[in-house]
Amino acid sequence: MWVLVHFDLPTETKKERKAYTEFRKKIMQDGFQMFQFSMYIRHCSSKENAEVHMKRVKKILPAKGHIGILCITDKQFGMMEIYHGKENVKAPGTIQQLEMF
């Protein structure tokens, strides 16, 4: 499973920039990696594990902004077409991540 978190947060005031930075740092501490600006992804070993990480994201949502959380399968993620300019590139492979319980 893949969990995708995409967001559009306000950054006009110092307080909003701080909230943006804290949210971004916290999702990265939870194992998310930047896929594009304001879109972070994390590979999870199961649906149950994905739900744990989705709950963690929900707990740290900032007061303002738009945040989307999407869970997709490895197969769906693998069917994504990714381009850098006009050049087609491969989607990132499954991240080998050690998880301790």
J.: Same cluster for Leu61 and Leu9 if Ile/Leu/Val/Met/Phe/Trp/Tyr side chains link at under 4.5 Å?
T.: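 Shared cluster, yes.
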J.: Would you compute the distance between atom NE2 of His6 and atom CD1 of Ile67 and round it to the nearest 0.5 angstrom?
T.: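 Reported to 0.5 Å precision, the distance equals 10.0 Å.
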J.: Are Ile27 and His53 packed together at the side-chain level, in the sense that at least one heavy-atom pair is separated by less than 4.5 angstrom?
T.: no
J.: Among residues at least two apart in sequence or on other chains, which ones pass side chain to side chain contact (heavy atoms under 4.5 Å, CB included) with Thr21?
T.: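 For Thr21, the residues satisfying side chain to side chain contact (heavy atoms under 4.5 Å, CB included) (neighbours in sequence not counted) are Lys25.
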J.: Taking atom NZ of Lys14 and atom NZ of Lys18, what is their separation to the nearest 0.5 Å?
T.: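 Atom-to-atom, Lys14:NZ and Lys18:NZ are 8.5 Å apart.
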J.: Please check if the side chain of Arg42 supplies one atom and the backbone of Leu4 the other of a donor-acceptor pair under 3.5 Å.
T.: no
J.: Enumerate the residue pairs fulfilling salt bridge (charged side-chain N to carboxylate O under 4.0 Å, His left out) with a member in residues 43-72, sequence neighbours excluded, ordered by first and then second residue.
T.: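 Residue pairs passing salt bridge (charged side-chain N to carboxylate O under 4.0 Å, His left out), neighbours aside: Glu16-Lys64, Asp30-Arg56.
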J.: Report the C-alpha separation of Trp2 and Met80 in whole Å, then their side-chain angles, then the decisive distance to 0.1 Å, and conclude whether the side chain to side chain contact (heavy atoms under 4.5 Å, CB included) test is met.
T.: CA-CA 12 Å; Trp2 288 87; Met80 183 179 354; over 6 Å; no
J.: What I'd like to find out is whether the side chain of Arg24 reaches to under 4.5 Å of the side chain of Met34, using heavy atoms alone.
T.: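 With C-beta onward as the side chain, the pair touches.
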J.: Minimum heavy-atom separation for Ala19 to Pro62, with atom names?
T.: CB-CB, 4.4 Å
J.: Drop me the distance from Tyr20's OH to Asp8's CG, to the nearest 0.5 angstrom.
T.: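 Nearest 0.5 Å value for the OH-CG distance: 10.0 Å.
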J.: Determine whether Val89 and Phe35 fall in the same hydrophobic cluster, where Ile, Leu, Val, Met, Phe, Trp and Tyr are linked whenever their side-chain heavy atoms lie under 4.5 Å apart.
T.: yes
J.: Can you name the ring-ring contact (aromatic ring centres under 6.0 Å, His included) partners of Tyr40, sequence neighbours left out?
T.: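 Expected list: Phe7.
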J.: Applying the 4.5 Å side-chain criterion to the ILVMFWY set and letting contacts propagate, would Tyr83 and Phe77 be lumped into a single cluster?
T.: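 Cluster IDs for Tyr83 and Phe77 differ.
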J.: Establish whether Val5 and Met54 are linked, either directly or via other cluster members, by ILVMFWY side-chain heavy-atom contacts under 4.5 Å.
T.: yes
J.: Answer with yes or no whether the hydrophobic clustering places Ile82 together with Phe32; edges join I, L, V, M, F, W, Y residues whose side-chain heavy atoms lie under 4.5 Å apart.
T.: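 Each belongs to a different hydrophobic cluster.
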J.: Quick one: CD on Glu22 to CD1 on Ile60, what's the gap to the nearest 0.5 Å?
T.: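 The CD1 atom of Ile60 is 10.0 Å from CD of Glu22, to the nearest 0.5 Å.
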